[in-house]
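Okay, so here's the structure we're looking at.
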Number of protein chains: 2
Amino acid sequence: MPVHDTLDDLDRRILALFTEQPQIGVLGASRELAVARGTVQARLDRLVSRGVIRSWAPQLDPAAMGYPVSAFCTLEIRQGRGHTPVVEHLSAIPEVLEAHTITGSGDLFVHVVARDNADLQRVIDAVVDDTHVVRASTAISLATRIPLRTLPLVTAT
Amino acid sequence: MPVHDTLDDLDRRILALFTEQPQIGVLGASRELAVARGTVQARLDRLVSRGVIRSWAPQLDPAAMGYPVSAFCTLEIRQGRGHTPVVEHLSAIPEVLEAHTITGSGDLFVHVVARDNADLQRVIDAVVDDTHVVRASTAISLATRIPLRTLPLVTAT
DNA sequence: CGCTTGAGTGGACAATATGCCCATGCCTGT
DNA sequence: ACAGGCATGGGCATATTGTCCACTCAAGCG
């Protein structure tokens, strides 16, 4: 029942197609790939249930929404409690886009955005405003040289 | 001609709706929001051309595609040449998902994935294998505590 | 070897959504 | 007072979807 967790060649072509031409639709894709529509349907359903396709939601650009400043914070967390309370605190801050536990001094890695540099100060203050956060060091993103992409992984042999 | 770069209340509701229920479609959204279909069409078109909606492509999960290991590298670049050659080098590596120029010692911040820890070594070797890369320090993501999200920014007042 | 199962196919169907057109009403700034 | 931008609501032909079905093919297995 549980399907192979490997990506089929057809899977790859479907993913590539929908990544490059999102508006193509199931029917269009079936035509393009010269397979039956039902096949594309089934593959897509399987890709979704396998979790390969995380979401069909549109991808939004914080910069275009008025948050052009992007920064990465490395948080040092007070030992003992675990990260959960801090993560809950961070979750409540809209400007926190992402958070990872990383190797090193038991730390948290946080991606934040802000309206401008002054606003970034406010965001960082909000991030640090937690009993468990001992220290934070921030690096501002000056330019996005490679925007988030996953297609190469699909195409890769 | 250039539209307001502020998000309307209707804009916000449209974005929120499509983020939470991507399959709702234009007609469904117009029903849900009690506005005319043409309005939703026009808003979406404008959001796309404004760049707020970056793409309608499905969001893929590297982990589900066989790349469960995620890591962040900070690269120190040799002074003088600028980052462009390094970025081109990184672009050619499928496992590089993202790259930013950041403040600090004129550095590059890179998000990579790999099939396992051994594979990560290979990826890092590939990343570092460039004349202009002087040094690299890597932090492995042990857990994603907050997965990439942009909805809070939309909802935020 | 014969059987079962899963996957893909090709076709059909009604229901729905899309793209595109137009005339109208309502603000707002000039 | 008036033009331009935006939203409305309607209509229409076309395209797409969701959902069935019967059939084929290949692989796995007792």
Side-chain angles (χ1 to χ4, degrees), chain A residues 1-61 64-66 151 153-157, chain B residues 1-61 64-66 151 153-157:
Chain A
M1 184 112 332
V3 239
H4 336 278
D5 50 350
T6 359
L7 283 184
D8 196 337
D9 182 62
L10 182 54
D11 287 330
R12 290 179 202 282
R13 281 187 295 159
I14 289 175
L15 290 176
L17 197 51
F18 274 90
T19 301
E20 286 165 334
Q21 308 173 32
Q23 304 290 14
I24 194 169
V26 175
L27 184 56
S30 75
R31 279 197 283 252
E32 184 74 21
L33 301 172
V35 294
R37 178 164 68 106
T39 305
V40 178
Q41 291 272 30
R43 293 301 189 114
L44 283 176
D45 290 347
R46 230 174 308 160
L47 287 169
V48 168
S49 67
R50 263 204 269 169
V52 173
I53 295 179
R54 198 207 307 274
S55 160
W56 286 97
Q59 297 173 21
L60 307 184
D61 182 0
M65 289 193 291
L151 184 54
L153 285 185
V154 176
T155 312
T157 35
Chain B
M1 185 114 329
V3 237
H4 334 280
D5 49 351
T6 357
L7 283 183
D8 196 338
D9 183 63
L10 181 55
D11 287 329
R12 291 179 202 281
R13 282 187 294 159
I14 290 176
L15 290 176
L17 197 52
F18 274 91
T19 301
E20 285 165 335
Q21 309 174 32
Q23 304 290 15
I24 194 170
V26 175
L27 185 56
S30 74
R31 279 197 284 253
E32 184 74 21
L33 300 172
V35 295
R37 177 166 68 105
T39 305
V40 178
Q41 291 273 30
R43 294 302 188 113
L44 284 176
D45 290 347
R46 227 174 313 160
L47 287 168
V48 169
S49 67
R50 263 204 270 169
V52 174
I53 295 179
R54 198 206 307 274
S55 159
W56 287 98
Q59 295 173 23
L60 307 184
D61 183 0
M65 289 194 291
L151 185 53
L153 285 185
V154 176
T155 312
T157 36

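First the proteins, then the strands, lettered A, B, ... as listed; each starts at 1.
In this structure, B:D8 places its CG atom 18 Å from P of D:dG5, rounding to the nearest Å. Between the CZ atom of B:R43 and the C1' atom of D:dT8 there is a distance of 13 Å, given to the nearest Å. In this structure, B:L44 atom CG and C:dC20 atom P are separated by 15 Å, rounded to whole Å. When rounded to the nearest whole Å, the span between CG of B:D11 and P of D:dC6 equals 11 Å. Nucleotide D:dC6 holds its P atom 19 Å from the CG atom of B:L33, rounded to whole Å. Separating the CG atom of B:D45 from the P atom of D:dG5 is a distance of 17 Å, rounded to the nearest angstrom.
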Self-check item: Reading 5' to 3' through nucleotides 13-20 of chain D, protein heavy-atom contacts under 4.0 Å coded B for base, S for sugar-phosphate only, - for none
Solution: ---SBBB-
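Using a 4.0 Å cut-off between a side-chain N of Lys or Arg and a carboxylate O of Asp or Glu, A:D8 and A:R43 qualify as a salt bridge. Using a cut-off of 4.0 Å between Lys/Arg side-chain N and Asp/Glu carboxylate O, A:R13 and A:D9 are scored as salt-bridged. For A:R50 and A:D45, the salt-bridge test fails: no basic side-chain N is under 4.0 Å from an acidic carboxylate O.
Atom-to-atom distance recorded for B:E32:CD and B:L27:CG is 12.0 Å, nearest 0.5 angstrom. Distance CD1/B:I53 to CG/B:L44: 5.0 Å, rounded to 0.5 Å. Rounding to the nearest 0.5 angstrom, the gap separating the CG atom in B:L60 from the CG atom in A:L47 is 8.5 Å.
Considering only side-chain N and O atoms, A:R46 lies under 4.0 angstrom from the phosphate OP1 or OP2 of C:dG8.
Checked by atom type and distance alone, the side chain of B:R12 pairs as donor or acceptor with a backbone atom of B:V154 at under 3.5 Å.
Ring-centre distance between A:F18 and B:W56: not below the 6.0 Å cut-off.
Using five terminal pairs a side, the axes of the helix from C:dC1-D:dG30 to C:dT30-D:dA1 at its two ends make an angle of 40°, given in steps of 10 degrees.
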